[in-house]
Amino acid sequence: MVASSSSLNAAVVDWYALHARALPWRRDSTTAWHVLVSEVMLQQTPVERVTPVYEEWTSRWPTPSALAAEPSGEAVRAWGRLGYPRRALRLHAAATAIRDRHDGVVPEDVDELRALPGVGEYTAAAVAVFAYGHRHAVLDTNVRRVLARVFDGTALPAPGLTAAERAQALGVLPDDRSTAARWSIGVMELGALVCTARSPRCGVCPVREWCRWYDAGRPAYDGPLRRTQTYAGTDRQCRGRLLAVLREVEGPVGGEVLRAVWEDATQRERALDGLLDDRLVALVGDDLYALPD
DNA sequence: CATGCGTGGCT
DNA sequence: TAGCCAAGCAT
């Protein structure tokens, strides 16, 4: 396997050079701040839905300082329907930290990146690699799936990221920084376009000849079950409904407007309390609510 | 390590 | 059609 790594790497790098999508965050003019914005937006949200919001955000807030100068509620409003709006709040907090602690420049160091709100292991590595060209293993769900199939012969990786996976990813990472960066983005793109979760296109896969999963006849996933997330009727849906009201109006809204969008009073109040706790919503008067400052 | 956290499209 | 899935993070 080690002996074939370089051809595997080359196959992916070459494939990416031919098939990479022209995504907005892959332009020559893209800054590290833009990369950070795109990565946070892409956490659990599909590319097609991120694209228009990314364009609006980067045009309106071209630098961390520009975003930090605005109320956090504006970030939440501009987040639109991307989902998980705490990400907008954290991006605003990250922008503030970058302005205050890093002279307005997105840090290159993964540990400094990880210290930013909303930036975890994946996002820190992604910014270090895609924005700055550093050499790090980038392990998102796409990469994990490709590696699981090629090296372990399993349809999907286990639910949690393991130390063994990190070691495996480092083991196949090319030594040369520039090549490593192209491999990292390439294997991720391969997972997004070819080695997909539902219907992998093995017929056009550039690494099929090295794939244990393909060799084994593409056996179904038989590992521990992932818990399926219900949504209808949950607190999450209720929170989403309440926040949508506040996003769509200019100023504060009275509690009666919020009461109108969710029947169950107990759940509605629990959800609103949660939003207040999370600082996604602010209480600005007697029974009066608004997006935060 | 398990859980909560939005939203919408696809099979 | 009801899950399943989508460039995770924080606690």
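Proteins come first, then strands; the chains are lettered A, B, ... in the order of their sequence lines, and each starts at number 1. Computed from a prediction, not measured in an experiment: that's the story for all the values here.
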C:dC9 OP1/OP2 closer than 4.0 Å to side-chain N/O of A:T123: yes
Atom OH of A:Y214 with >12 non-hydrogen neighbours under 6.0 angstrom: no
For atom CZ of A:R81 and atom P of B:dT7, their distance in whole Å: 5 Å
Side-chain N or O of A:R236 closer than 4.0 Å to phosphate OP1/OP2 of B:dT7: no
Distance-only donor-acceptor test, A:T234 side-chain atoms vs B:dG4 base atoms, 3.5 Å: no
Distance, P atom - from C:dC9 to B:dG8, rounded to whole angstrom: 23 Å
N/O donor-acceptor pair under 3.5 Å between A:R177 side chain and A:H134 backbone: no
Pairing of A:R26 and A:E189 as salt bridge, 4.0 angstrom limit: yes
Spacing between A:L89 atom CG and B:dG6 atom P, to the nearest angstrom: 11 Å
Touch class at under 4.0 angstrom, heavy-atom based, for A:A126 against every strand present: nothing
C:dT1 to C:dC5 separation - C1' atoms, rounded to the nearest Å: 16 Å
Donor-acceptor pair under 3.5 Å, A:R87 side chain vs B:dC5 base: no
Nearest-angstrom distance from the residue atom CZ of A:R145 to P of C:dC5: 9 Å
Residue mapping more 5' on DNA chain C - nearest nucleotide basis, A:E39 or A:L116: A:E39
P spacing across the pair C:dA7 / B:dG4, given as an integer number of angstrom: 23 Å
Side chains of A:V146 and A:N142 in contact at under 4.5 Å (non-hydrogen atoms): no
Touch class at under 4.0 angstrom, heavy-atom based, for A:V119 against every strand present: sugar-phosphate
